[in-house]
Every structure is written in structure tokens, then in C-alpha cells.
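We number each residue from 1, following the sequence as shown. Predicted model, so just to flag it, every value in this text is computed and none were measured.
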Amino acid sequence: MKENETDPFGFLNVVLKFITLIIFLSIFSNVNSKELALFSKNQRLSSLSETMLSDKLDWSKDTAFTNSSNVQKPVKVYILFGQSNMVGFGAIEPLGTPGTLVTEVKLNGKFPYLLDSNEQWITRNDVWYKGVISAKQDSWLTVGAGANRGHIGPELGFGHIVGNYHDAPVLIIKSSIGNRSIAWDILPPGSSRYVVNGYTYAGYGDRDDRWSDSDPYTPINWYAGKQYDEFVAEAKNVLDNFNSYFPQWADRGFQISGYGWFQGHKDTLNGVYAERYEFNMVNLIKAIRSDFNTPLAPFVIATIGFNGYEMTGNTAVVANAQRVISGDTGNYPEFDGNVITVDTRGFWRSAADSPSRDGSHYRKNAETFMLVGEAMGKGMLTLHRGNISTRQNSMTTSQQSPSINEFDIANYSSTTGLDKWWYDTRVSGRPKGQTFTSSNQRTQLNAISFQVGNLETTKAEPIKTYLLRIGLVNGDEFSEVHRETFTQKFTWSSGGFMSWNLKEPFHLEPNTHYGIDIGMLSSSSHWKTGIPYLQRTADEYFGGSRYMSGTEGRGRGNHNMNHMSGDMVFHMDISRIKPAPGTIAISKEPPPIDDLDIANYGTPVGLDKWWYDTRISGRPKGQTFTTSNKSTYLNSVSYQVGNLESTKAEPEKTYVIRVGKISGDQFIEFHRETFIQQSFWNPGEYMTWTFRKPPLLKPNTQYAIDIGMKASTTHWKTGIPYLQISADEYAGGARYMSGTSGRGIGDRSIQTMSGDRIFHIDMSAVENTIKN
């Protein structure tokens, strides 16, 4: 149409547009508040999400977030790891079958946030899900990101929780696959071999799971830790190619905001693996954080929950190991505020309430998988809301050598020469270090110091960046388990001590050979300018030796060690790991009986030897009891020690208290705490263990509580308490001895004995009825 021509339909078009606007405003004014809320960050219309997923989407713009408050914020990345139940087997359909997602949501009204206003599954446009290895869906978060489009895993509940929390986009990477054990397939790097009952079990990289003299090492086409390597490599690949995978976020960058772990079933199938779970899980957390260079990133562990509160055997062993790792237990101070365990036992559902009888996959109950995901998300938020440690590492210098305290290791002998930081100019930057052997107790390494050479030319000038590595030493092999970087911002004087203070104390296993070394990552000047030469002595420290590690320099990927004559002039600041916050008290008088307490202060008729015999030492000893008609907190337990001088308990000893239910002759544990005795008991006194977290007890229920011993600075028969017993004067329970393997680990059979203990159980009422 030419410019000067008249549009015969112009007026009609204006009228039609006006009418359309009136109709639109009328419709929009009738949208209810629930539908309006769907336009918010937390619940967006699935039609909008579908548009974003269409081939016509312009990825050059951030369609999901356009308001100025968050457009520049980096994408929050969460990485979820695990075996098949992290993959996800919660059934979505059919409608009407108990436990399917569609039944629980549409018929039973649970998890209403999963539906949009049209009763269709909502698709978030602020949380992207990407699965690797298994469950490879790649889309905005919605149902069907489990083992296949017909299943869900924990990612769904987790994604909604963290998605609602952040005002920036969220990326969930799920790196998971079924039938994997942390003691074999997912064994973290740095894990050493160990021996149980004559069998050597694989360390990281070994190609046989175990071997012995009669069953020689036979390599297979797999190795210990292969699945760990794949988990990390696949997740790293996504992040290394972030802009290619997510061009819509190319201008934002990303930030790893936390890790999630849901695994453990395969380790329950092997008693040795189950007992090793706690040790392996602690190392795995550290390894993951190291591999992604996120030393304090929040880490959430979901326990296994098979059979709920009735779990027994190796299942209970693994679940307990997962619980005691949680930072709030006090067992691992370096995890306080940055690692949390969520208990999933309460999410177990019966076969009648589930779509399947497949117990290994939680009967494919979608409610279970949703609750696990929600619990992991809430645990993550607990860590994010101001509870993450803000400690930083530091470097200090002093002309005085550090003082030697109780567990420290030091070599301050007369110096005999200098140890050049670099071996030669051809292979520069090889880390130099010192091996040492830890004590027979669980301790933590807080700092390391070396003395710089006493020549003016050896002083270290700023600015330089150092890499400190801690590793296990086996012959000439260094297996790194921890590293931190430090920046020098001041000048050291010759002859002074250089100290590197760790960000978080590193836990040392007892009687273990370690190496610690320091290499240089960067310098503001040429590497030969102002580099410290380290003082060394003759071989005067017999617990280790100095060494030079690796072949390519700067502490990267080095495993080979070159042991050298002479020791460094060094100091290792080491302290005993702080006990859990539970307390032990000693009193000559029995505790007063208050409120809902249960006690038996009958006349002593004999002594109960803490260990049953020398063949099976360390069996936990305990007392069953029956609660009143009220729900109660269990605050503490007391026993009276025998009245013979030989029965007194001397420090230092570690005790484990277990609380459980009784089913026939089986002990079903649901709570445990660790206590360390640091003072003497005398004959006839009362020993009282007070819980840090009092467990909750149901009314009119029989429970059992026992105490076993984990460790002693002396032989187990030296200074061990014998407990006073009376006749059968308490009708609500009986004394017992539990298990067959000792130390309260994995024991569940109960052997009831005649007579009661002389005991006191301190309890107080709670307002609401609870369930264990």
C-alpha cells in the first residue's frame, strides 16, 4: 500500500484492538491469587517453560530471569552423587496405586507445589536439571528425571527447596549410577590398603577387591575408585564446558553451592565394607571438595533408610556411620557447620502403601523419594543460613621455635646443612617435605613449621604462593589426601620459623605414616630470587625422614617420593581430637530420682565384668527398661562401679552409648553418642553419661541402653570398671549383654542375664507424643 492511500479497515482494526484489550483485562482481573503466584519465581506457568524449551528460543537472552536484582548473579550449582536410589526409582504412575507420585499428589493432596493451575506437572524455569552417567535427562526441572521418564529421584524435592531459596538460577548436576560401593567402586583417591582377617582389601587404584596368601591378587578390568573418578570427571566436564552447555547463562558464570550424597546399599552387603563406611565417607567428602577446589562447600548426606526404624545388621552400621559424620555430632570438628546428615528412616513405607515390593529401591515409593529430596534441601539450607565456618588458613613467622605440646612432633636438633627448596634448575619446584608417624590416638594436625636457613640470601620475600600437601606414605609412594594454598605477604628473616596454619585441622588416623610437604605455585619474582633454603639435621627423628616428591614440580599429580638423608628442622602442631560434647560425671552419691526417672538402687549381690571373656572382648553391657505412659527425653544414664579397688576405671578411654528398641532377642539401635573419660573413677562411685542430644522415647515401650568401650590408652583389662548388680528387683527390665563382635559396632543380638544392674536413667517429659 502506498503512503497516500487510505486504509479502508483502519478504523475497524482500532475498534477490534480496543475490544480485545477490554476482554483481556476482564479475564486477567478474574485470575485468582493461586494462579497469579504461578508467575512468581517459585512457581511459573509450565507453558512459559515449554516456550523456553522450544527450538525457537533465543538463548542469547536470559529468558528465565530479567529483573535487575539477580541478572548478574552467578548460577548456583549443586552436584548430587549416589547409587541407584539417587538415580531415582520413585514411580510416577499409575493413578490410584498407593505410593505413586500421581496418587500422592492428585488424590492425597501431598506436594501441591508440583502442580500448575491446570493440574499438570509444573516445570520450573529457574532450576535446570542435567544428569550424567545415568538419569541423563537435560531440561528445566520437572518430574521424570529419575531412572527414566516414568520415575523421580531426590532431585525433584531438592530442586524445589533450593530453587525457592536462591534469587539466582540453579543448576543441578546429578552424577549417579546403581550398584556401587564406596569401599570399592567409589573409593576416594588416597585410600590405602587395609587388612582384615588375613585378607588385604583394595586401596585406590587396585584391580582386585581383596586377596590373601591362598587367594592371590588377580587383576580385573575395573579398579578401586573407578566410579569415583567417573563421577567427578563427568560433573567436571559439564562445568568445564559450562558456556557450551548453558549459553543462556554464559555471561553469568557459576558457583558451586553444595553437594548431596545418597548411597550405601551395596556397602550393607559386605560386613567389612559396612564397618569401613565411616572412614571412607570422611575421606570421600574431603576428596570431592579437593577435586572441585571447594574446601568448605556445604555437604549433605542422606542416610539409607531401609526398613525404617526397624533396620538391623549392616544396614544399621552404615546408617549409623552416616549419622556420626554430621558436623553437629562433634565427632569431626572440621565438619561443624559445613556437613550435615539427614535421617531418612522415617520415610520408609510398607509394601501395602507402595507400588512395588522392591525393598532395595524403597519399594519405588515416590513419596519416599520426595521426602528424601526435601530433607536434603532443607539440610542444605541449614548450612547456608550462616552456619558455614569462615575460618581461613594463615602463614606466620617467628624467630622462636614453636613450643612442643602433648601430641606435637618436632625435630629441633643441631643443624647440619641446608635443603635447597628446588632440587635443580632443570626440574624446578619439586615439593620438599618430612614424613612422620602419628600416635596411637585420634589426633588432628593444626599447623606445620620449618626453619629457614640462617643465611641472609635464604630469606623468603613476598609475594609468593605455596601449596601444602598431606598424604599417606607407603614405601616410595605419596598418596595425597589433603591440600591447601597459602599466600606469603611479608618477608621472613633467616633462621626464623615459617608456620603454615591449616584452615581446618586435619584428622590423623592412629599409628599411620604420613608425609607433609610444601611446594611453590607462584612468585612475583623469578623462582630463584628470595627462595627459602630449609634447615636440616642428621637422622635424629626416627619416626620419619625428609623427602623430595614428584617429577613435574609444584605438587601437581606427584606420587613418587625420593627419600633423602637427614631430617628437616620441623614442628608439627598436633592435638587430640576433641571429644563429642556429651559429658561424663562421677559422684559418690546416686543421682536423685525425679519426675519420670527409672532407677534400681537395690542391694549389691555381685559384680558384672565389663567384658564377658578374653575371647570376645568389649561386648556392650546394658539394661532394658520400660517407659511410663508419657513421651520422654532420655537425658542421661548412670551405673555404679564395683566396690573393689581393682574395678576402678582409669583414663583415657572412649565409650559408646547406644539406645535402642527390643524386638525378641534383637537390639534395634536408633541413637548413639561417643564419650571420652578423662578422669579417675573410684570403687563404689556412680558413673553418669549425659547426652548432648537427648533421644526421644515413646510411652509404654521397652527400650535398651548399653555402654561399650572403643579405645583405651592401656590394655583393655587394665583399670576397666566392673559394674554392681542386684537381684531381680526392677520388674520393668533386665540386664543384658549385646552382640558378638564387641565395641557396640554392628551388634544386635541380646543375651539377657539374671539380676539387674544398679542403674539410674534420668528422663523428663515432653509435651507431644513422638515416634522412634
Side-chain angles (χ1 to χ4, degrees), residues 42 76-83 85-86 88 90 111 113 127 129 141 152-166 170-176 182 255-264 277-278 281-282 284-286 288-289 292 294-306 308-309 318-348 362 367-390 504 670-672 692-693 695-696:
N42 299 335
K76 307 297 183 181
V77 177
Y78 291 94
I79 308 176
L80 306 181
F81 298 101
Q83 58 183 116
N85 289 305
M86 179 59 87
F111 316 112
Y113 59 81
V127 180
Y129 168 86
L141 183 67
I152 64 164
E155 75 290 327
L156 188 56
F158 179 87
H160 278 275
I161 295 293
V162 298
N164 292 345
Y165 174 74
H166 291 292
V170 171
L171 168 63
I172 294 175
I173 301 172
K174 191 166 74 175
S175 189
S176 59
I182 191 177
Q255 175 187 47
I256 296 180
S257 296
Y259 304 98
W261 182 263
F262 190 36
Q263 183 273 343
Y277 196 94
E278 178 182 344
M281 189 69 220
V282 170
L284 183 135
I285 293 171
K286 295 177 179 179
I288 287 175
R289 286 173 162 175
F292 287 93
T294 54
L296 285 178
F299 202 111
V300 175
I301 304 166
T303 70
I304 54 175
F306 307 109
Y309 294 106
V318 171
N320 288 331
Q322 292 169 328
R323 282 194 290 272
V324 301
I325 292 170
S326 188
D328 56 357
T329 65
N331 295 317
Y332 295 91
E334 73 269 36
F335 289 167
D336 187 18
N338 59 77
V339 175
I340 192 169
T341 302
V342 295
D343 194 344
T344 72
R345 290 176 299 175
F347 308 150
W348 177 259
Y362 295 92
E367 181 189 18
T368 296
F369 284 91
M370 283 297 301
L371 292 172
V372 170
E374 285 187 339
M376 294 180 72
K378 292 174 183 177
M380 186 64 69
L381 300 195
T382 297
L383 299 179
H384 274 303
R385 287 169 174 153
N387 295 323
I388 299 176
S389 172
T390 58
E504 294 290 344
F670 65 84
H671 185 82
R672 71 164 53 190
R692 176 179 183 258
K693 289 188 173 182
L696 300 172

Trainee: Which residues satisfy the side-chain hydrogen bond (donor to acceptor under 3.5 Å, both in side chains) test with Glu367, sequence neighbours excluded?
Mentor: Lys110, Arg349

Trainee: Please walk me through it: do Met380 and Ile161 pass side chain to side chain contact (heavy atoms under 4.5 Å, CB included)?
Mentor: CA-CA 9 Å; Met380 186 64 69; Ile161 295 293; over 6 Å; no

Trainee: Name all residues meeting the ring-ring contact (aromatic ring centres under 6.0 Å, His included) criterion together with Phe111; count only those two or more places apart in sequence or in a different chain, and write none if there are none.
Mentor: none

Trainee: Could you state the interatomic distance from CD1 (Ile256) to OH (Tyr78), rounded to the nearest 0.5 Å?
Mentor: 11.5 Å

Trainee: For the pair Glu155 (side chain) and Gly373 (backbone), establish whether a donor and an acceptor sit closer than 3.5 Å, ignoring hydrogens and angles.
Mentor: no

Trainee: When rounded to the nearest 0.5 angstrom, what is the spacing between NZ in Lys286 and OH in Tyr332?
Mentor: 8.5 Å

Trainee: How long is the gap from CG on Leu371 to CE on Met376, to the nearest 0.5 Å?
Mentor: 13.5 Å

Trainee: Tell me if a side-chain donor or acceptor on His384 pairs with a main-chain N or O of Pro298 at a distance below 3.5 Å.
Mentor: no

Trainee: Measure from the side-chain N and O atoms of Arg323 to the backbone N and O of Thr341, and report whether any donor-acceptor pair falls under 3.5 Å.
Mentor: no

Trainee: Given the rule in the side chain to side chain contact (heavy atoms under 4.5 Å, CB included) test, do Asn338 and Leu383 qualify, once you have shown the distances and angles that lead to the verdict?
Mentor: CA-CA 6 Å; Asn338 59 77; Leu383 299 179; 5.5 Å; no

Trainee: Quick one: closest heavy-atom pair of Leu156 and Met370, and the distance?
Mentor: CD2-SD, 3.7 Å

Trainee: If you compare all heavy atoms of Trp261 against all heavy atoms of Met86, which two are closest, and at what distance to 0.1 Å?
Mentor: C-CE, 4.3 Å

Trainee: Does Ile182 offer a backbone N or O that forms a donor-acceptor pair with the side chain of Gln83 under 3.5 Å?
Mentor: no

Trainee: To the closest 0.5 Å, what do you measure between CD1 (Ile288) and CZ (Phe81)?
Mentor: 4.5 Å

Trainee: Considering residues at least two apart in sequence or located in another chain, which fulfil the side-chain hydrogen bond (donor to acceptor under 3.5 Å, both in side chains) criterion with Lys76?
Mentor: Gln255

Trainee: May I have the step-by-step check of side chain to side chain contact (heavy atoms under 4.5 Å, CB included) for Val339 and Arg289, ending in yes or no?
Mentor: CA-CA 12 Å; Val339 175; Arg289 286 173 162 175; 3.5 Å; yes

Trainee: Are the aromatic ring centres of Phe306 and Tyr362 under 6.0 angstrom apart?
Mentor: yes

Trainee: Out of the candidates Val300, Ile285, Leu80, Thr294, only one should pair with Tyr259 under the side chain to side chain contact (heavy atoms under 4.5 Å, CB included) rule; please name it.
Mentor: Thr294

Trainee: Give a yes or no answer on whether the side chain of Thr344 reaches the backbone of Thr303 with a donor-acceptor pair at less than 3.5 Å.
Mentor: yes

Trainee: How close do Phe335 and Ile325 get, heavy atom to heavy atom, and via which atoms?
Mentor: CD1-O, 3.6 Å

Trainee: Run His160 and Leu141 through side chain to side chain contact (heavy atoms under 4.5 Å, CB included) and show every step you take.
Mentor: CA-CA 9 Å; His160 278 275; Leu141 183 67; 4.2 Å; yes

Trainee: Is a side-chain donor or acceptor of Thr368 paired with a backbone partner of Trp348 at a separation under 3.5 angstrom?
Mentor: no

Trainee: Can you check whether Lys378's main-chain N or O pairs, donor with acceptor, with Thr382's side chain at less than 3.5 Å?
Mentor: yes

Trainee: Nearest heavy-atom pair of Val342 and Gly379: which atoms, and what distance?
Mentor: CG1-CA, 4.3 Å

Trainee: When rounded to the nearest 0.5 angstrom, what distance separates CD1 in Ile301 from CG in Asp343?
Mentor: 12.0 Å

Trainee: So, Lys174 side chain and Tyr129 main chain: donor-acceptor pair closer than 3.5 Å or not?
Mentor: no

Trainee: Determine the minimum heavy-atom distance between Phe369 and Gly153, stating which atoms define it.
Mentor: CD2-CA, 4.0 Å

Trainee: CE of Met281 to CZ of Phe299: how many Å apart, nearest 0.5 Å?
Mentor: 4.0 Å

Trainee: If you look at every heavy atom in Ala302 and Val372, which pair is closest and at what distance?
Mentor: CB-CG1, 4.1 Å

